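So the structure is just underneath, and the comments pick up after that.
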Amino acid sequence: MPRTTITIADKIEALSIVDAKGVVDKQLEPSMPDDLLLDLYRAMVLGRRFDERLLALQRQGRIGTFPPTSGQEAAHLGAVAAIKEDDWMVPAFRETAAEIWRGRSLESVIIGLNGYNEAATVDPPGTTLPVSVPVGSQMLHAVGIGWAARYCKEDKVVLTFFGDGATSEGDFHEAMNFAAVFQAPVIFLCQNNQWAISIPRSKQTRSQTIAQKAVAYGMPGIQVDGNDVLAVYSATAEAVERARAGQGPTLVECVTYRLMMHTTADDPRRYRSDEELETWKAKDPIPRFEAYLQAKKLLTKKKIAAIGEAVQAQIQAAVDNAEAQMKTMGDPLDMFAHAYAETPPHLAAQKEELAAELAAGGKEGADG
Amino acid sequence: MPRTTITIADKIEALSIVDAKGVVDKQLEPSMPDDLLLDLYRAMVLGRRFDERLLALQRQGRIGTFPPTSGQEAAHLGAVAAIKEDDWMVPAFRETAAEIWRGRSLESVIIGLNGYNEAATVDPPGTTLPVSVPVGSQMLHAVGIGWAARYCKEDKVVLTFFGDGATSEGDFHEAMNFAAVFQAPVIFLCQNNQWAISIPRSKQTRSQTIAQKAVAYGMPGIQVDGNDVLAVYSATAEAVERARAGQGPTLVECVTYRLMMHTTADDPRRYRSDEELETWKAKDPIPRFEAYLQAKKLLTKKKIAAIGEAVQAQIQAAVDNAEAQMKTMGDPLDMFAHAYAETPPHLAAQKEELAAELAAGGKEGADG
Amino acid sequence: MAKMTMVQALNLALRQEMAKDDRVILLGEDVGVDGGVFRVTDGLIEMFGEERVLDTPLAEAGIAGMSIGMAVYGLRPVCEMQFSGFSYQAFHQIENHAARLRWRSQGRLSVPMVLRAPYGGGVRALEHHSESREAYYAHTPGLKMVMPSGPRNARALLVSAIRDPDPVIFFEPKAIYRAYREEVPEEEETLPIGRSRIVREGRDLTIVTYGAMVRPVLAAAEDLHSKDGAEAEVIDLLTVSPLDDTLFTASARQTGRVMVVHEAPRSFGPGAEIIARLVEKSFYYLETPIARVTGYDVVMPLFSREKHYLPHADRVLKAARKLLRDG
Amino acid sequence: MAKMTMVQALNLALRQEMAKDDRVILLGEDVGVDGGVFRVTDGLIEMFGEERVLDTPLAEAGIAGMSIGMAVYGLRPVCEMQFSGFSYQAFHQIENHAARLRWRSQGRLSVPMVLRAPYGGGVRALEHHSESREAYYAHTPGLKMVMPSGPRNARALLVSAIRDPDPVIFFEPKAIYRAYREEVPEEEETLPIGRSRIVREGRDLTIVTYGAMVRPVLAAAEDLHSKDGAEAEVIDLLTVSPLDDTLFTASARQTGRVMVVHEAPRSFGPGAEIIARLVEKSFYYLETPIARVTGYDVVMPLFSREKHYLPHADRVLKAARKLLRDG
Ligand SMILES: Cc1ncc(C[n+]2csc(CCOP(=O)(O)OP(=O)(O)O)c2C)c(N)n1
Ligand SMILES: Cc1ncc(C[n+]2csc(CCOP(=O)(O)OP(=O)(O)O)c2C)c(N)n1
Ligand SMILES: [Mg+2]
Ligand SMILES: [Mg+2]
């Protein structure tokens, strides 16, 4: 004052480590065990192949609508690899490969996409929440979980995912603000894939980056090349370290791209150009990581092929397995289970109604 | 990239023109007509005296709960003086002096605080919305109004008010984002009075300033000494100019202080210290402006006294007038008016029910 | 007259009202370039430009709140919630403001907006995409809650909703969006809001329903006729609130036997109000308890079970037979 | 036993549960240093520290959403909405998540949270501060909607709500907060959620009510007794959902004449469901139409008119006399 420029305390940074050709910046290269690197590679390939298979199944009417993740494998896998198993993950709905990394079976995914609530019980309990369809609503849960963990003096952090579109929801704002005020150990990981269905990033918000939104909350923010799994891993690991040290939340923006449709109900050609798609295909996270690993002598052509085959076999087995399991699923009466811890009388009565209808069997005559 | 700091495009500034002793920074002094300066002074005094009178009336049970504005006169009056009569004002609920500046009568205020819906019709229609009690919810209306004005090719801007607490609501975020994306001609004026009931500004958000929240939306932001009416006027006038020129919204943070209770149902001694109050009393916007005007030879002791007396007479007349008017107000059947443009049958029937009850008169015997 | 799906009929309503009145503005997520996820707004941005068809950021309170401001200014915003299950994000804007502003300003201001949202099950959609919670809005004073049941009435009601001086929540039965075609006249057609209609006459029992349930109810009524020789009178509410109770209470006085059918959960659902009105206005004519065939009081299950959750013709037929036996 | 106001009784419940179980955490606007705008949480931050009594930023979805996360982790958050009229800002969190998480996870996760909110009129409050919209929550599968009517049951129900494994919306009748005192035992006391009770016995008619309306209803019943010699049975629901219909349907079978009393707007309100249950379970015993004495279907007026909006004893008495005359 009287007329001055305000200097913003928190740093907003940008990070990239391996470029689109697979060339690494040695100074920034994180030290990661070879196993972890290979596991990540395998998980990325699995994510991509599974997506392709799900698309085929959807087109054959063997699953319902689903949101593909192709192109974003580095963004969610790089992040989730930086937390521990008993840390928490609070997903949106476009992190399938990360869910699988955390122990969700492919079977569970397939069963869920067939509209079976049973999907939720296919995997052992864990510290991953179910996907959240209402955009942006899950981040607040991450704050509550993070706060609770600290209150319980348990050394856990929470990684929550959301898209570029989600940053427009009021819930994003409230979650970021609460997390900062309460210094909750939360990593807010935005998969900025440039689109929210048909709305481009540029129409979603006028801010130049998503990362700078952290300034509104007095929180550090970083914009990362989201197709560079090492950069995502490094940025997340740093944020995790801060969170564990009691230094509160971080916003990590991963700049990435959704290579396929929003969901299988969507036709992206209505709103985006082939050229744009081609530009981003050139930045595909998988070949780039492959090149890096080859240069590092961790991968060979042969090993790549072997991984590819193993992954396909795993997917095939899961499809078979899921389709077999589903044969015994879907008891209509199960819709009354888990409404409450104890079934209240009116629900017991409604369940009996349905049971009687089912017992009477078949149709009474009219068209369904 | 690879690891760089992101430079933020929009400037966040700070502004102060007249200091707490009334000394002006000549370089920044806005050119304002003498009449406007005196009108502002008078309006500030009216705001303060009216507040005191309302408090007395409340303590006597002659009005219901109300939110005092003392201490914040410069923040809302300085802002509202920078828009034109046919621009729009979208208030929160702590801008009484600004409402009056825009043509609301003191009578209407008193009648409203007595729980009469009739308050809404006491004043002629205008371009000021009714106060908005749900915190933060009104800013979105300002965006819609601003957008509509531009669509209709009408040269109007919208000034919307809110508190520091309101910045935590999701609606604040959505309004700021929509305004920026659609480049709506809106001035977001935050009366940061340091408290949201008992919650201090420091617990409301971890960001160092409210002004910097503009960064999240790619919008200019400015932090102003909110007890300096010239600074508030200047900053708002600049924002208005930008809005009129089609350059979109601005966030103006006025740093001010609520000198009295949150509402008359609140006891601020439960949560804040006398020392804090004293510090802020020393920055009172009225004596400071008075000193400035005296130095400018626009005010004398005599004139000050005359204004004080005139204001008191105006208030007394309004109280008398309002109390007289209220005698003919409050027909219970009016609660069915204005539910819809046309009264639907079920409401007509309910109105008849109540009419019959009233016609039957008095009590049937039981305790109310 | 052209044969149209409900999606096409709604599109026609929007197109014609926009052409006629430049105060009509569309806004919502993906309503512009993409033409809406169900294509209800298809082609409108090409026809009317970005100035009148706004692709908004992803924020429902934002969409509703901005619409309120536009409406206050004198425009006629028609906003879309992508699915009714995401209208709760905007609930406070709707309840605190849209529903109240006329009253709060004693008639000085009004909010002539339409909030469109696809509702209901039957299309094997994802979680949160199949709810029917019209009761929330029907219970909110100051709102009108409209639910068409077919292409032609959807078009006519949407036109009326756009011209209505008050806020209208307009729930579109997505199960019918493309289920069949109906003759829809090119010329303007409106239907009064707040008026129900008899879609099938009958003297033996009365079935009150609306939205996507009208079809299975009619199928059941036909079956009841052909198999049992009984005649059900079917009443389509079209507007859920303000509730037009004249036709169904009159019909009940004739038949003495009534059933209510809706997708929404049963308890505290719309059917309860219909029963209350029947009790208030036709009590002495009722021969049997009023039957409720509704969604169950559980979260709408994922799609593998939705056919058991949703009332279907067979369930309606069974309930009708029981009603005719009882009493 | 000490005589306590409802505010004190609620405070006692919180204090004792917090002392007993360190998973119980309070959060909300002004619940800490200020002790809550109605002082329900008075003194608790001094007793249990900032770690367990969280003054949050001003954001209702934030408060509800954070509570959900805490509950998922295993804590027992008790959050406060400053007024029920501001719970709509959190409606999507409550509907989309709190109500659904047990079901969505097939029982793996649960949300044992309590959302407290003062509701209702009668204290000459500002706009938006006097609503009664329990029907929104009662209609939402997965929630429990509890509404105490006096100091002692408020305390016992709040304890039960905190221990309940499912999300409980707990509406406190602010008109009763300080209206009178009642003996409240220092020792632990709970009341089962989902259970109504008879607060006055009678053979001539049945009145179903809850919350702040219990008092005027009882006053009317006394008057009816002393003036007309008729005996009203009064049933206090205590829990609105899941609705315990056993007592009131049984009572109706005895009396044949029933009235429902609530502050909430009439149409699509809680009374409609009570009527529907009566029709389903006691139809053949009803001698007259069921009466509804309720708030009107308009926005709750500012306080100068609230005494005409809210059901009062006189209105109940009149309706009771009419019920006894009819049929
Ligand atoms: C609250 C809410 N509004 C609307 C939708 C419909 N919808 C589903 S995904 C989506 C776009 C999400 O965009 P973004 O956050 O960028 O995530 P992405 O799909 O790109 O992964 C929309 C509008 C929803 N699921 N929830
Ligand atoms: C949505 C909503 N939540 C809570 C309240 C209760 N309330 C009224 S004013 C207030 C504090 C507002 O603080 P701030 O925005 O700083 O404005 P100030 O009162 O300081 O002018 C609260 C919590 C409300 N009116 N609306
Ligand atoms: Mg996206
Ligand atoms: Mg404040």
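Just so it is clear: chains get the letters A, B, ... in the order the sequence lines come, proteins before strands, and each one is counted from 1. Every value quoted in this text rests on a predicted model; they were computed, and no experiment measured them.
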(message) With a 6.0 Å cut-off on the ring centroids, do D:Y88 and D:Y136 count as close?
(response) yes

(message) Need one label for A:N117: side chain, backbone, both or neither, based on atoms under 4.5 Å from any heavy atom in chain D.
(response) both

(request) Inspect the contact between D:R195 and D:D244 and indicate whether a charged nitrogen and a carboxylate oxygen are less than 4.0 angstrom apart. (result) no

(request) Considering only heavy atoms and a distance below 4.5 Å, find which of D:H97, D:Q89, D:R23 pairs most often with chain A. (result) D:H97

(message) Sub-4.5 Å heavy-atom contacts with chain A: which residues of residues 13-21 of chain D show up?
(response) none

(message) What part of A:P345 gets within 4.5 angstrom of chain D, counting heavy atoms only: side chain, backbone, both, or neither?
(response) neither

(message) Heavy-atom cut-off 4.5 Å, strictly under: side chain, backbone, both or neither for A:A339 against chain D?
(response) backbone

(request) Give a yes-or-no answer on whether the side chains of A:D164 and A:Q204 include a donor-acceptor pair shorter than 3.5 Å. (result) no

(request) May I ask you to decide whether D:R277 forms a salt bridge with D:E273, counting only side-chain N to carboxylate O separations under 4.0 Å? (result) yes

(request) Below 4.5 Å from any heavy atom of chain D, which atoms of A:A119 appear? Answer side chain, backbone, both or neither. (result) neither

(request) Among the options D:P165, D:G142, D:G107, pick out the one with the most heavy-atom pairs lying under 4.5 Å from chain A. (result) D:G142

(request) Tell me, please, which residues at least two apart from A:V181 pass side-chain contact (heavy atoms from CB on, under 4.5 Å). (result) A:N177, D:P57

(request) Under 4.5 Å heavy-atom distance to chain A, tell me which part of D:Q93 shows up: side chain, backbone, both or neither. (result) side chain

(message) Keeping A:H346 on the side-chain end and D:P242 on the backbone end, is there a donor-acceptor pair under 3.5 Å?
(response) no

(message) Is it true that A:T250 and A:R242 share a donor-acceptor pair across their side chains at a distance under 3.5 Å?
(response) yes

(message) Tell me if the aromatic rings of A:F178 and A:W147 count as close, with their centers under 6.0 Å from one another.
(response) no

(message) I'd like to verify something: which residue of D:L109, D:T246, D:L143 has the highest number of heavy-atom pairs under 4.5 Å with chain A?
(response) D:L143

(request) Please state whether the side chain, the backbone, both or neither of A:M335 comes within less than 4.5 Å of a heavy atom of chain D. (result) backbone

(message) For the OH atom on D:Y285, are there more than 12 heavy atoms of other groups (residues, nucleotides or ligands in this structure) within a distance under 6.0 Å?
(response) no

(message) For D:Y137 together with D:F91, are the ring centres under 6.0 Å from each other?
(response) yes

